[in-house]
Amino acid sequence: MIQLNDLQFAYPQSGFQLEISALDIAAGEKVAVVGPSGSGKTTLLNLISGICVPDRGSVHVHGQQVGAMSDAARRSFRVQTIGSIFQQFELVEYLTVRENILLPYWINRSLVLDHAVRERAAELAASTGIEDKLHRRVTRLSQGEQQRVAICRALLTRPNLILADEPTGNLDPRNKKRILQLLFDQCLEGEITLVTVTHDVNILEGFDRTIDFEQFRIEENGGGP
Amino acid sequence: MRAAFQLAWRYVLYHRFKSLLMVLCIVLTLLMPIALSILLSSFNRQIVARAEATPLVVGAKGSRVDLAMHTLYFKTKAPGTLPFGERLKSTDRGTAIPVHVRVTARKIPVVGTSLDYFEFRDMGLAQGDGLVRLGDCVLGSEAAQSLGLGPGDQLLTDPENVFAFAGPEPLKMRVNGILEPTNTPDDDVIFVDIKTSWVIEGLIHGHTEAEDLESADLLENETDDGTLTAAPSVRPYLEITDDNIGSFHFHGSTDEFPVTALIVVPDDEKAEALLLGRYLREDATAQMSEPIVVVEELMSLVFRVKRFFTANAILISISTTLLLMLVILLSIRLRKGEMETMFKIGCGRGTMVSLILAELIIVSAVAACCIALGVWYVQFHADELVRGWLSSA
C-alpha cells in the first residue's frame, strides 16, 4: 500500500531533515507513528499525501509514485485516495455538520455531489452518532462530536488510506477511546489503511504496528516542522 | 463555481456584521455622489423651470438672489419692501403682479397677491372657490394637507411677535378653496388677496363705528364739530364677516402700502428690455432682475462646488477600495487555517481564489442592489425631496 524508499526531505529554512531508508505499510494495516515533537511525524503524513514532495527517493501509494505527479494530479490523488483527520479537527466554522461532511465534494471539481453521496454522509453521521446534529453549526458541538464530524468528512470519499495527525490530542480519555474505536471500526469495515501520528503511548494498544519515529530523523540545527 | 458561491454565501451570512460593514462602505461611497448628482440635477431642473416661468421681478434694492428666491419660493426674506405704486412703472409695458409675504399662519407663509397671479401660474381650484371677499384665503394643496383644513374652515394668522402687544392682532381668515397640486412652491403656501395681507398687517382695519359705542368711556374725544374719536381700547375686528366688512377701511393711498416684490410679465421682448432699462438708472429706487439670470449664476456656483464634491467622491472611492482590499487581505490572513485545511483535503488554488471572488461578488452584488434601490428611491422622490427642501429652506 505505502512504500517509502531512500527518502530524504528537508525544510531549508529550519534546517530540519528527514531521512527514511525504507518503510512499508500494508493495505488495511493500522499503524501508529510515535516520536517526540519535531521528529517529522507530520512531515511523513505530508509526504505520503503529496502535500510535500521528497528531495530524494520515492513515496509509492497504491503503486503510484506521489512525488512524480503534477500538483493537480497530486491533489486529485489526495482527494480520491486519502482521508485526512487533524488534531484541531479543522472544521469550517460557518458550515453546519452536514455541510462540513460534504465539504470535499464542494471544493473538488473531480467529485460529483449527488444523492448517493448525501445518503452516505447521512449514513456516516448515523454510524458515528451525530445524525441528530446534522443541521447544527459545528461550533456548537463538543470536541468529541467535532472529531466525529472530521472522521465522517475523511471517510466520505471512500478513501483507501486515512492519515490522522494526533486525532485524539484534544480529547479527554473517554472520548479518546471512543474516537479511536470509531476509527478502527470504520477502517475495518472499509478495509482502510490507517496511519496515525500520536504522542500518546496509551492509545497504541489497538494498532497493528507502532513505528517509533526517532530512528528516521536526523537533526542538524535543532527545531523541526 | 456554484459550490464556491454556496460556501461564500454561508461565509457572508456567518460573518454578517463584517459583510454588512463592507456592503455599507461600498453603498455609502457610491450612493452618496450618485444621489447628490440626481438631487442636484432635479434641483437645477426645478429651480430653472420656476425661474424661467417668472420673467421679471421687482423688489427693494439689495441682494438679487434674496429677491429672486423670495419671489419664487416665498421663504427667503425679501431685501425690503417697495410701495405698491411701483407697479405703475411697469403696467404700460406689461402686467405687474404683487407678491407680499411677511406673515405666516401656523408657520406657513401667507402670500398676498392679486388674481392675476393664479392666471399667470395657470393655477386652478381643486375644491371650493377662489378669493371672493376680503379675509378669504385659498390653500396650496400641500399646505391644505399639512393644516388638515378645507373650504369653510377658519385659519388664524401667526402673531408677528408674541411680545408685540401693540402690533396687529392675528386675523381669523376664511378658507375658501384649495388649489390643485402644481408640484411647485405654490403648493406649500396660503394665498390671500393683497388687501387681506394689508389687513393682517393692520394697514386696513375695521372696528365698531364710534357713533355706535354704548359706553361713553370708550370715547376719547368729541371735537367741536361733533366728530367722535375712538379710544385705543376700541378693539379692531379680528375676523372679517359679511356684517362687518363694510367697516374695513384704510388711511392714505394703497399705492403707498408695501409689497415685498412684484412679478412683472412684459408684453414682449422689447417691453422686457425697456423695463429692465428703467431700473438701470442710477436714481432708481428699486431693482428689477431676471430670475433666470440670477438662478443660472447661482447654479454655476453650485456646479462649481459640485465639482469639488465629485473630486472628493473619487478620492473617497479610491480610499474605500484600498480599505476594502486591506480588509480582504486581512480576512484571507485570518482564514489561513481554513484555507490550509481546504488545501489538505484537496481544494485547488483556483477554487480558493474563486471562493474569495465569490464572496466579493456576493458583497458587491448586495451593495449594487442597495445602491440600485437607493438610486431608484432618490430618483423617484428627488423632485419631492428637492421641492420640500426648497420650500423649507
Side-chain angles (χ1 to χ4, degrees), chain A residues 42 45-46 48-52 70-96 98-113 117 135 137-140 149-150 152-157 159 162-165, chain B residues 1-26 324 326-367 369:
Chain A
T42 301
L45 297 189
N46 287 344
I48 295 170
S49 62
I51 291 170
C52 296
S70 67
D71 280 356
R74 274 206 307 277
R75 197 172 60 245
S76 176
F77 169 78
R78 199 156 57 238
V79 171
Q80 308 283 347
T81 318
I82 299 168
S84 297
I85 301 168
F86 312 98
Q87 182 180 357
Q88 302 290 341
F89 324 132
E90 312 287 357
L91 300 174
V92 180
E93 61 174 358
Y94 54 86
L95 298 179
T96 62
R98 183 172 176 274
E99 289 162 349
N100 262 290
I101 295 172
L102 292 171
L103 187 62
Y105 281 81
W106 279 20
I107 58 173
N108 292 296
R109 286 179 195 142
S110 56
L111 299 176
V112 180
L113 179 58
V117 175
H135 298 286
R137 217 173 281 285
V138 288
T139 46
R140 292 185 184 168
V149 178
C152 291
R153 182 178 68 187
L155 292 168
L156 186 69
T157 53
I162 284 187
L163 300 176
D165 194 352
Chain B
M1 200 63 189
R2 189 172 159 231
F5 272 102
Q6 280 179 316
L7 273 174
W9 178 242
R10 276 155 182 78
Y11 179 83
V12 166
L13 280 183
Y14 187 75
H15 296 282
R16 54 181 78 92
F17 184 67
K18 187 192 99 179
S19 308
L20 205 66
L21 276 180
M22 285 172 76
V23 167
L24 214 62
C25 276
I26 299 170
L324 286 175
L326 182 71
V327 169
I328 292 160
L329 287 173
L330 288 174
S331 165
I332 291 169
R333 208 166 170 182
L334 279 172
R335 296 173 68 185
K336 201 179 163 193
E338 178 194 327
M339 299 285 177
E340 270 177 14
T341 306
M342 289 208 187
F343 176 69
K344 282 176 187 171
I345 61 175
C347 182
R349 287 186 208 289
T351 309
M352 284 187 207
V353 171
S354 64
L355 254 175
I356 291 157
L357 275 178
E359 275 164 35
L360 276 177
I361 290 169
I362 288 171
V363 168
S364 306
V366 173
C369 287

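Within every chain, numbering begins at 1; the chains are lettered A, B, ... in the order of the sequence lines, protein sequences first and strands thereafter.
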With chain B, the option among A:L95, A:L113, A:D71 that has the most non-hydrogen atom pairs under 4.5 Å is A:L95
Can you tell which part of A:T81 gets under 4.5 Å to a heavy atom of chain B, answering side chain, backbone, both or neither?
-> neither
Determine the option with the most heavy-atom pairs under 4.5 angstrom with chain A, choosing from B:S354, B:A4, B:G348, B:G350.
-> B:G348
Using a 3.5 Å cut-off and no angle test, enumerate the donor-acceptor pairs between side-chain atoms of residues 326-335 of chain B and protein atoms at least two apart in sequence or in another chain.
| from | atom 1 | to | atom 2 | distance (Å) |
| --- | --- | --- | --- | --- |
| B:S331 | OG | B:Y11 | OH | 3.4 |
| B:S331 | OG | B:K18 | NZ | 3.1 |
| B:R335 | NE | B:E338 | OE1 | 3.2 |
| B:R335 | NH1 | B:E359 | OE1 | 2.9 |
| B:R335 | NH1 | B:E359 | OE2 | 2.7 |
| B:R335 | NH2 | A:Y94 | OH | 3.1 |
| B:R335 | NH2 | B:E338 | OE2 | 2.9 |
| B:R335 | NH2 | B:E359 | OE2 | 3.2 |

Report the residues that fulfil side chain to side chain donor-acceptor pair (under 3.5 Å) with B:R349, sequence neighbours left out, ordered by chain and then residue number.
-> none
Under 4.5 Å from a heavy atom of chain B, the part of A:Q80 involved = neither
Residue among A:I51, A:I82, A:N46 satisfying side chain to side chain contact (heavy atoms under 4.5 Å, CB included) with A:L163 = A:I82
Considering non-hydrogen atoms only, spot the tightest contact between A:V138 and A:V149 and give its length.
-> CG1-CG1, 4.4 Å
If one checks every heavy atom of A:F86 against chain B at 4.5 Å, the contacting part turns out to be side chain
Whether A:R74 side chain and A:C52 backbone form a donor-acceptor pair below 3.5 Å = no
